[in-house]
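Just the heavy atoms: all of them, side chains too, but no hydrogens, waters or symmetry mates, feed the values below. In this text, all values refer to a predicted model and were calculated from it rather than measured experimentally.
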Amino acid sequence: MLHMRIAKRQEPLGLGGSCLVLFLALALSLVLSGILLFLGGTPPLEGLATLFYGAFGSRWALEDSVLKAIPIFLCSLGVAVAFRLKIWNIGAEGQFALGSIGATWVALSFPDWPSFILLPAMIGMAMLAGGVWGLIPAILRQKLRTNEIIVTLMMNYIGILVLDYLVYGVWKDPSSYGFPMTPEFSDNAIVGKIGSSSINWGLLHCVVLGTFIWGFFKFTRLGFELKVSGDNVAAARYAGLPYDRLVILVMVISGALAGWAGFLEASATVNRLQPSIIVGYGYTAIVVAWLARLNPLNIGIASILLAGLRVGVENLQLELQVPAAFGGILEGLILLTVLAGGLFTHYKIERRRME
Amino acid sequence: MSTAEPLIRLSGISKSFGSVCANRDVSLDIEEGKILALLGENGAGKSTLMSILAGQLQPDAGSIFLRGEKVVLDSTEKAIACGIGMVYQHFKLVRELTVTENIFLGTKGGFWLNWAKMQDEVTQLAEQYGMRIDPAAKVADLSMGERQQVEILKLLYRQSTVLIFDEPTAVLTPREAENLFLTMKKMISKGKGIVFISHKLEEVMAISDNIAILRRGSVVDTVATRDVASTAELAGRMVGREVLLEVDRVPVELRQVVLKVDNLNDELLKNINFELRQGEIFGLVGVAGNGQKNLIETVCGLRKPKTDCIKILGASWKKFFSKMRWDNALSYIPEDRQGLATCQGLDLVDNFLLTTRGGFTQGPWLLREEARNKASHLVEEFDIRPPNLDAFAWQLSGGNLQKMVLAREFYRRPRLIVAEQPTQGLDIAAAEDIWNLLLKAREAAGILLVTGDLSEALALSDRIGVMFNGRLVDCFSSDDEAKVAKIPQMMAGLVEESSSSRR
């Protein structure tokens, strides 16, 4: 029997302590994944080094990680907004799909508009489509008391199937030799790259939107009201806040941000709509939001970390024949250890006094 | 004092949290067959002391003796094994399970369960202590009083010899409280020792054998109850200065009607009619559960009335709440400070902004710095501790949290105040402060005071209304001695509704 007990801290852990806990949690997840690599017959240190090098070790790898971090960041920013209100939107994947569909519709319908009109129109349509995909579960939740977790999850499948229907059917490029994809967008509908790098201007969108969301929660009255509603629904009603409307608002914002990510992925990364743009960014976004404790700056860091994991695992697969599923395992381990480490911010483990 | 060893002897117990000393050299005896009342202001160290007895906290110094033998209570299991049981203010029951299931939960036994036998055991045990409870009932369906009985039965089944009651009557109706006292008497007659924590001095005087008074972490007084002359004397000993329970109520000129309820009906309320004017306190008394909650929630905008029967500051209910100003309007001071009036996970500035945000808004922006300055003035003015605006609401004691809510609500300069059990759970000094605040506030506002404490209602109110079974049985001036004498009967529904209740 262990003579330990868990006691609540009088004061939450400070910044330094929190960083230490986070670092130890990450280290633990690496040790655990090292053991897994070892069991799979791969030398663990070499495996982890390959993973790291593959993610951040070269200019190409770093750029690829940042490129993948962009949609993850925007989706995560979106779900974090909903999570603040304790609305468990796990539908970023579907909202992302709808966003890409909305943007594609504008791009295919008005290819000749000048880009300074076409791009904002695509963004607007992507936000609208993603927002509607968030609005539906919000209304169902507030009016019919459905569970938003189930509904947003189910709507992911619907959203992705709608995308499939379009690219296999009406929007299929006649010259694609039967591949399910739309024609390539006109140049006016493409978000360009920054200088000579492979990173697109979507990175700037992330910085602007992240700052906007941060400021929104910190400085505006509406942001404050959302914070209150997230902490205590009864107090929100007591203070005269329109809780139902706030729930709908956050779900629309959440969906719109995921929709924006869908726009960037279609416009900047693949320059068309095709089923392969759905690779689970919307689910990784949930992991990122939790790791970052819903803070926009942390979401940025965690996005790059988990995007790097995706890129690094490809390298690991190529060089050491480790299965791709290892990336998912590592992602899960990181989430588990970091969440478990969160215990230490409010509790401490004491040694029981012996008789 | 008897020559036998006490059940529990606390000797020189000290406990600090950081620089805060919660208990300093506390020595107490809990004797067999006696009820020890523990009195003290909020934050005097009662909870810490009880947590030490329950094995949740370890003292920094001092020892605990069980029947003369030194024990170390280093876990809750150990405390239970030593026969120490706690009845907490917030019950620790599984709502979805039955009474019997809750009582046997966590006790050791074989793999197979014999429910019929277990239910019989529960019934028998309950009868021994004068409790009547259906062992097969689901806890969720029980009243607060019955739930408390389940908590007590849990301890009795575990053969606890020392039972600690933390403000047990706070959630009970007067009748349920009486039953509890009978049960407690039965317990001591069977040789158990009881610690009774309460703020209600009458109860302490009525039930206890000995009284220990804690102030700032130390026991300042231990006295046999029969040696205390009156509750006033007890109150004096408790706060260290003579407290006048009678507050000075100078009549204020009545002005315009701020609240008019005209034939309010819902599933519980029947034909509620009354008016409230600026300059008066209207005290609504009655046993909890007779419609006060519905009435308050409707007046405060949390529950929609079926018909257009309420006028607040001259506007219809719908119009008033659709465009309610943050100031010069309605302030609601709810009974549930933790769950309704504050956000436990937010700091004091955010909690201050909760209802005053309208005054610190410029376009879409919230002027947090300005709010912070205001809040820091209020923290000083109302003596809220700790005086740290970055503290979270959950870190404040009940009394300080209530002061924070009051500071915030009075800052809004309300013209209609609904105060629900405003001093419940508070010590006398804090309650007195709040009474004076309310009396002063009525110069600019009409106050609807809903309280279960008759002496509070009588001390503060200009007019009294009695509620029973969803009806406003009678309204009268608090100077009307004949009517005041009849309040208990009215609360019990023994008086016919008089025609004067319609005014």
Quiz item: Would you say B/Arg303 has more than 12 foreign heavy atoms packed within less than 6.0 Å of its CZ?
Solution: yes

Quiz item: Can you tell me how far the CZ atom of A/Phe224 sits from the CG atom of B/Leu354, to the nearest 0.5 Å?
Solution: 6.0 Å

Quiz item: At a heavy-atom separation under 4.5 Å, does B/Leu353 approach chain A through its side chain, its backbone, both, or neither?
Solution: both

Exercise. Any pair with a residue in residues 320-330 of chain B that passes salt bridge (Lys or Arg N to Asp or Glu O under 4.0 Å), sequence neighbours left out, goes on the list, sorted by first then second residue, please.
Key: B/Arg325-B/Asp327, B/Asp327-B/Arg413

Self-check item: Gap between atom OG1 of A/Thr220 and atom CD of B/Gln362 - 0.5 Å precision
Solution: 13.5 Å

Exercise. Count the heavy-atom pairs under 4.5 Å between each of B/Leu346, B/Leu302, B/Asn351 and chain A, then report the option with the highest count.
Key: B/Leu346

Exercise. Enumerate by number any residue of residues 225-235 of chain A whose heavy atoms lie under 4.5 Å from heavy atoms of chain B; in the absence of such residues, state 'none'.
Key: A/Glu225, A/Lys227, A/Val228, A/Asp231, A/Asn232, A/Ala234, A/Ala235

Exercise. Under 4.5 Å heavy-atom distance to chain A, tell me which part of B/Leu340 shows up: side chain, backbone, both or neither.
Key: both

Quiz item: What closest approach, in Å, do B/Glu409 and A/Tyr238 show between heavy atoms, and which atom pair accounts for it?
Solution: OE2-OH, 3.3 Å

Self-check item: Most contacts with chain A, counted as non-hydrogen pairs under 4.5 angstrom, among B/Gly301, B/Gly358, B/Gly339, B/Ala391
Solution: B/Gly339

Quiz item: Do the ring planes of B/Trp365 and A/Phe219 sit parallel (below 30°), tilted (30 to 60°) or perpendicular (above 60°)?
Solution: perpendicular

Quiz item: So which of B/Asp350, B/Thr361, B/Thr355, B/Asp336 has the largest heavy-atom pair count under 4.5 angstrom toward chain A?
Solution: B/Asp350

Self-check item: chain A contact via B/Glu369 - side chain, backbone, both or neither, heavy atoms under 4.5 Å
Solution: neither

